[in-house]
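Take a look at the structure below.
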Amino acid sequence: MKPRQRFDDLDMPAVEAIAALFETEPVRQEWNLPDDPIGVWEVLYRAETGNIRVLLWPAISRIDVTVGPHMWVVKGVAAVEVIDELEFIARFGEDGVLTVARSGHVVLTAPNA
């Protein structure tokens with residue numbers, strides 16, 4: 001894996017890079033959106049703060065993250081950056097940023113509505 005990878009979209013190469021960050025393979029879910037040939041992908045990882053579950057929806061540019069009892073959902077993902085052995089960053093909306101670290105720490109920054 002490269003030290004830093006950038007993707008202009010939430011596409012399959014981005015899904016695979018996120019899974020590689022967490023040292024696993026993405027798992028295609030049995031369910032998906034109608035007329036969605038790409039599918040919904042799950043990445044699971046045991047972190048210091050609890051289990052991380054990342055659901056990746058490339059067809060609708062959406063990422064769902066669950067760590068313990070906490071959940072974050074971002075839509076309109078426009079870019080993804082994966083930093084090897086550290087975290088992934090998803091940019092959405094005008095200035096929104098979702099950061100998910102291998103440690104299980106999650107930071108969501110959203111512009112004022």
Checklist line | Check: Asn51 and Val67 side chains under 4.5 Å, non-hydrogen atoms | finding: no
Checklist line | Atom of Thr99, atom of Glu87 and distance for their closest heavy-atom approach | finding: CG2-OE1, 3.2 Å
Next item on the list: Scan for side chain to side chain donor-acceptor pair (under 3.5 Å) pairs involving residues 55-78, sequence neighbours excluded, and state none if there are none.
Entry: Trp57-Asp64, Arg62-Asp64
Item checked: Within residues 7-30 or reaching into it, pairs that qualify as ring pair (Phe, Tyr, Trp, His ring centres under 6.0 Å) - sequence neighbours excluded -> Phe22-Tyr45
Check: Between Glu85 and Arg102, is the closest basic N to carboxylate O distance under 4.0 Å?
Finding: no
Item checked: Sequence neighbours excluded - ring pair (Phe, Tyr, Trp, His ring centres under 6.0 Å) pairs with any residue from residues 75-97 -> none
Next item on the list: May I ask you to list the residues sharing a hydrophobic cluster with Met71, side-chain cutoff 4.5 Å, ordered by chain and number?
Entry: Val73
Margin query: Counting C-beta onward and ignoring hydrogens, is there a side-chain heavy-atom pair between Asp84 and Val82 closer than 4.5 Å?
Written below: no
Check: If you look only at pairs with a residue in residues 45-61, which of them pass as a salt bridge (charged side-chain N to carboxylate O under 4.0 Å, His left out), with sequence neighbours excluded?
Finding: Glu42-Arg53
Check: Below 4.5 Å, heavy atoms only, C-beta onward: do Val15 and Pro58 meet side chain to side chain?
Finding: yes
Check: Taking the side chain as C-beta and beyond, is there a heavy-atom pair between Ile18 and Leu56 under 4.5 Å?
Finding: yes
Checklist line | Minimum heavy-atom distance between Asp9 and Val80, given as atom pair plus value | finding: O-CG2, 4.2 Å
Output a table of donor-acceptor pairs, distance under 3.5 Å, between side-chain atoms of residues 28-36 and any protein atom two or more places apart or on a different chain; print 'none' if there are none.
unit_1, atom_1, unit_2, atom_2, d
Arg28, NH2, Pro37, O, 3.3
Gln29, NE2, Val27, O, 3.1
Asn32, ND2, Asp36, O, 2.9
Asp36, OD1, Ile38, N, 3.0
Asp36, OD1, Gly39, N, 3.1
Asp36, OD2, Gly39, N, 3.4

Margin query: Quick check: do Thr24 and Val43 have side-chain heavy atoms less than 4.5 Å from each other?
Written below: yes
Checklist line | Atom of Ala19, atom of Pro26 and distance for their closest heavy-atom approach | finding: CB-CD, 3.4 Å
Notebook entry, point to check: Taking the side chain as C-beta and beyond, is there a heavy-atom pair between Leu98 and Val107 under 4.5 Å?
Noted result: no
